[in-house]
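The first residue in the sequence is number 1, and the count goes up from there. Only a predicted model underlies this, so the values are computations on that prediction, with no experimental measurement involved. Any value given below was found using the heavy atoms of this structure, including those in side chains, with hydrogens, waters and symmetry copies removed.
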Amino acid sequence: MFLALTALEEYWKKDEKILFLGEWCISDKSIVKDLDYNVLPYNWKNIEIIKDREKYLYDIYLQIIPIVANFLNSLHNKKYSDRYWEILVGPWLSNFIEVSFDRYTSLINALNKFNNLKTFVSKDSYVAKTSIEWNLISDSNQKYNFYLFSDIIRSLDLSIKADFVDGPIINMEDNFYHRYGTTKRSYKLNLIKILIGGIKAIFKNSIDYLKSKLLFFFYHGINKSKNYVLMLKQTITDIESKSLLKHIGQSRWPIMRKSKKFVLTDIRDKDIRNKALGISSDDKYLELLSKIIIMNMPMEYIENFKHLSINANHVFPKNLSTIILRSPFESSSLNRFGLADRVESGAKLLSIQEGGGMGCRAIGRYYEKIFIRLSDIVLTWGWKSNNEKIKRFYFTKTSVIKDYNYDQKGSILLVGSACRQYFATFYASHINSYNQKHIKLNKKFIRLLNKSVFQRLIYRFHWQFGFNELDKINNEFPDLKLSTREDQTYFYDLLYNSSLAICTTNMTTMLQTFVLNHPTILLWDPKYQGIRKSSSDYYNQLHDAGILYYSPELCAKKINEIASNPMDWWMTDNVQSAKNNFRDNFCRKSDNIGKELANIINEMR
């Protein structure tokens with residue numbers, strides 16, 4: 001039987017029976033209607049198994065980090081601490097461990113169910129230039145995942161007969177396709193928008209650069225001060241930022257210097273890339289990681305390390321005591337290099353919860369543990385922990401909080417979840433085994449709405465990651481109003497103009513609507529959106545109050561009842577009580593975040 005690793009038809013054998021490794025291999029069912037084939041189901045459906053695998057992967061991460069640090073120190077002739085390398089490489093490495101384990105598991109499942117498998121395997125690997133590029137292509141790019149599956153098959157003695165072929169070419173449009181458009185036309189239109197924005201940015205940056213030079217001259221002593229605090233990417237509003245500066249005794253934030261001009265290579269050092277980490281183990285997956293980590297590590301950590309390190313040291317202010325972060329999983333290469341260097345010099349990292357689901361979801365703890373490891377202090381949006389690094393704080397995505405005129409006859413906003421072709425992380429808004437269920441549940445819900453309610457409904461999609469959920473919805477409901485992140489990045493105006501929000505995933509959106517005290521209904525399948533025991537009472541209260549639904553029938557019935565004025569229902573005592581209890585534990589509000597944050601920073605100094 002031929003094993004298809006990808007949706008790229010040039011890597012299939014259509015004259016033989018095909019085993020598709022996953023649903024991601026079939027982009028359009030009309031293509032395979034005349035083929036003889038089987039499809040392996042997605043790997044992750046049992047929450048208890050996922051929790052066990054997350055613990056296993058975290059233990060592997062802890063084992064590998066010092067080995068990777070030692071390898072990179074030796075390669076670059078450095079003596080940096082393990083923490084330096086973990087801050088720099090850890091975000092990519094932790095995600096690569098999750099992703100490669102998922103791909104490895106798919107291959108093992110195929111071998112456990114079928115004999116005499118054969119497939120096409122790429123002769124070579126693909127190496128991303130940066131971790132940002134790797135993040136973009138790992139969860140939705142068919143070409144990259146064909147390379148990754150090929151790496152795994154080449155590196156292990158698997159019972160799969162391999163026919164070695166040249167791999168596909170990955171270009172910029174492949175890498176950014178799902179971010180900037182779901183069709184070639186929308187891709188090009190959005191690319192034009194980006195280019196226009198870039199031209200505007202050139203003029204703005206020129207002015208900003210002159211300002212920074214003047215400020216650097218005026219505040220020439222400020223970057224020489226010791227015990228200074230830097231906020232890397234503003235995580236709070238301007239007003240809150242000014243209050244924070246006042247209460248920590250700073251007149252302004254340290255100045256980041258303009259980056260030097262340099263050219264990064266895109267030529268791999270094959271001698272280095274062919275090296276293994278030398279881990280000896282009976283664990284086949286750990287054996288695999290030993291062989292493919294350096295093979296797949298982005299070029300910024302190997303070929304371009306020297307240039308990026310020098311430039312980051314030039315750009316970042318020195319003598320920092322504390323760096324405030326939106327997330328230690330910072331995507332910018334330059335920022336991560338600067339963070340690692342300044343922490344090596346003694347700065348502390350203060351990270352703030354970046355999204356919903358932390359502290360309450362049954363899965364995603366692998367990500368949370370690494371988030372905490374990378375930080376000195378972690379501020380939550382309200383949930384408590386016995387971990388001494390974690391401090392209970394307040395909801396910090398406060399830019400959404402504004403005065404707006406509620407319209408009881410406004411639209412009804414249905415907010416969908418991110419549906420990825422490939423597994424990306426257990427911390428995702430939902431794992432890809434829930435994709436079909438998510439769409440099926442939402443479709444059933446929509447069918448049961450009264451005509452007048454349907455006419456007010458707007459289906460808001462997340463980024464399109466290749467699963468084509470927009471087409472799946474639009475094909476059945478051609479008259480339904482749709483909104484995508486590709487066309488409108490933020491949903492806030494849609495929310496302000498709505499009478500009711502329906503959230504279908506346990507992430508940030510529902511917290512934002514709760515903070516605004518905007519009428520909200522929640523709808524999801526509890527089998528895929530499990531809750532920790534420590535948080536279950538709060539969700540049970542939402543369910544008992546008729547805010548959270550597990551049944552599309554009951555959810556549609558409720559919305560049909562309250563659609564004439566959702567606010568009347570929302571403001572009833574039992575609904576407000578359940579919402580307030582939840583809000584005070586997962587997205588609690590403060591009118592003085594700047595001062596509260598300053599108190600924590602002053603304690604850290």
Side-chain angles (χ1 to χ4, degrees), residues 356 360 406-417 429-430 434 437-461 473 476-477 479-483 491 494-531 535-583 586-587:
C360 60
Y406 175 78
D407 181 4
Q408 71 181 59
K409 299 298 183 183
S411 62
I412 295 174
L413 184 63
L414 174 63
V415 184
S417 184
S429 53
H430 73 246
Y434 182 51
K437 180 70 176 180
H438 173 70
I439 297 301
K440 183 178 179 181
L441 184 144
N442 288 354
K443 281 183 175 182
K444 190 169 189 178
F445 161 76
I446 294 170
R447 289 190 207 108
L448 295 167
L449 294 175
N450 293 339
K451 183 178 179 180
S452 60
V453 176
F454 176 86
Q455 290 172 342
R456 293 165 61 192
L457 190 68
I458 298 174
Y459 196 124
R460 167 67 173 183
F461 292 90
I473 295 294
E476 181 164 346
F477 306 104
D479 297 327
L480 179 63
K481 292 185 281 292
L482 307 177
S483 171
F491 84 118
L494 291 170
L495 177 61
Y496 302 143
N497 291 319
S498 73
S499 62
L500 175 69
I502 306 160
C503 301
T504 60
T505 186
N506 185 19
M507 296 298 275
T508 311
T509 304
M510 59 179 281
L511 304 184
Q512 293 172 316
T513 63
F514 280 15
V515 167
L516 284 171
N517 201 22
H518 191 89
T520 304
I521 290 281
L522 311 176
L523 172 64
W524 59 63
D525 187 331
K527 178 181 176 183
Y528 295 90
Q529 298 280 359
I531 304 298
S535 304
S536 60
D537 284 349
Y538 300 105
Y539 285 85
N540 289 339
Q541 289 175 35
L542 295 179
H543 183 261
D544 293 343
I547 298 173
L548 170 58
Y549 289 86
Y550 304 133
S551 159
E553 293 90 350
L554 294 176
C555 185
K557 180 182 178 183
K558 185 65 178 181
I559 290 174
N560 288 332
E561 290 173 359
I562 68 172
S564 61
N565 191 350
M567 187 63 80
D568 283 348
W569 159 78
W570 183 249
M571 293 306 295
T572 57
D573 290 344
N574 66 321
V575 170
Q576 283 291 300
S577 176
K579 181 267 298 179
N580 289 340
N581 285 341
F582 185 94
R583 183 200 63 197
F586 296 106
C587 49

Legend entry - Steps toward side chain to side chain contact (heavy atoms under 4.5 Å, CB included) verdict (Leu480, Leu457): CA-CA 7 Å; Leu480 179 63; Leu457 190 68; 3.7 Å; yes
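- For the 3.5 Å distance criterion, the side chains of Arg460 and Thr509 fail to qualify, holding no donor opposite an acceptor.
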Inset, instruction - Begin with the C-alpha distance, continue with both residues' side-chain angles, and end with the deciding distance and a verdict on side chain to side chain contact (heavy atoms under 4.5 Å, CB included) for Ile446 and Leu414. - result: CA-CA 10 Å; Ile446 294 170; Leu414 174 63; 4.0 Å; yes
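- Looking at heavy atoms from C-beta onward, Phe586 lies in side-chain contact with Ser535 at the 4.5 angstrom threshold.
- Here the side chains of Leu448 and Lys557 are not in contact, with every heavy-atom distance at 4.5 Å or above.
- More than 12 heavy atoms of other residues, nucleotides or ligands lie within 6.0 Å of OH in Tyr549, so this atom counts as buried by the packing criterion.
- Residue Gln541 comes nearest to Asn581 through the heavy atom pair OE1-ND2, 3.0 Å, listed as atom of the first residue, atom of the second, then distance.
- Side chain to side chain, Gln529 and Asn506 fail the donor-acceptor criterion of an N or O pair below 3.5 Å.
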Inset, instruction - In sequence, state the C-alpha distance, the side-chain angles, and the governing distance for Tyr434 and Lys437, and then conclude on side chain to side chain contact (heavy atoms under 4.5 Å, CB included). - result: CA-CA 5 Å; Tyr434 182 51; Lys437 180 70 176 180; 3.5 Å; yes
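- Across all their heavy atoms, Leu500 and Pro566 have their closest contact at CB-CG, 4.0 Å.
- Under the 30°/60° scheme for interplanar angles, the aromatic rings of Trp524 and Tyr539 are found to be tilted.
- The distance from the CG atom of Leu449 to the CZ atom of Arg456 is 10.5 Å, given to the nearest 0.5 Å.
- Pairing each heavy atom of Ile562 with each of Trp569, the nearest pair is CD1-CE3, 3.5 Å.
- Separating the CZ atom in Arg447 from the CG atom in Asn442 is a distance of 10.5 Å, to the nearest 0.5 Å.
- Of all non-hydrogen atoms in His543 and Leu548, the two that sit nearest each other are CD2-O, 3.2 Å.
- With contacts defined as side-chain heavy-atom distances shorter than 4.5 Å, the pair Cys555/Ile521 qualifies.
- In this structure, Asn580 and Phe514 have side chains that are not in contact, with every pair of non-hydrogen atoms separated by 4.5 Å or more.
- One distance of note links CD1 of Ile531 with CG of Asp537; it measures 12.0 Å at 0.5 Å rounding.
- Expressed to the nearest 0.5 Å, how far CZ of Phe582 lies from CG of Leu522 amounts to 7.5 Å.
- One finds the CD1 atom of Ile502 at 13.5 Å from the NZ atom of Lys558 (value rounded to the nearest 0.5 Å).
- Looking at Ser411, its side chain never comes within 3.5 Å of a backbone N or O of Leu413 through a donor-acceptor pair.
- Looking at Ser499 and Ile412, their side chains come closer than 4.5 Å, going by heavy atoms from C-beta outward.
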Legend entry - Working for side chain to side chain contact (heavy atoms under 4.5 Å, CB included), residues Val415 and Thr504: CA-CA 6 Å; Val415 184; Thr504 60; 5.5 Å; no
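- Using modelled atom types and a 3.5 Å distance limit, the side chains of Asn517 and Gln576 yield a donor-acceptor pair.
- Ile559 places a side-chain heavy atom less than 4.5 Å from the side chain of Phe445.
- A parallel orientation is assigned to the rings of Phe461 and Tyr459, their planes being inclined by less than 30° (bins at 30° and 60°).
- Of the possible donor and acceptor atoms, none in the side chain of Ser498 sits under 3.5 Å from a partner among the backbone N and O of Ala501.
- Contact detail for Ser429 and Ser417: the closest heavy-atom pair is OG-OG, 3.0 Å.
- Aromatic ring pairs are classed by plane angle as parallel below 30°, tilted from 30° to 60° and perpendicular above 60°; the pair His518 and Tyr406 is perpendicular.
- Between Ser564 and Lys409, the shortest heavy-atom distance links the atoms O-NZ, 3.4 Å.
- In this structure, Asp525 contributes its side chain and Lys527 its backbone to a donor-acceptor pair below 3.5 Å.
- For the pair Ser577/Asn574, no side-chain contact is recorded, criterion being any heavy-atom separation below 4.5 Å from C-beta on.
- The closest donor-acceptor contact from the side chain of Asn560 to the backbone of Asn450 lies under 3.5 Å.
- Within the model, atoms NZ of Lys579 and OG1 of Thr520 stand 9.0 Å from one another, a figure rounded to the nearest 0.5 Å.
- Proximity of Lys443 to Ile473: side-chain heavy atoms (C-beta onward) are separated by under 4.5 Å at one or more points.
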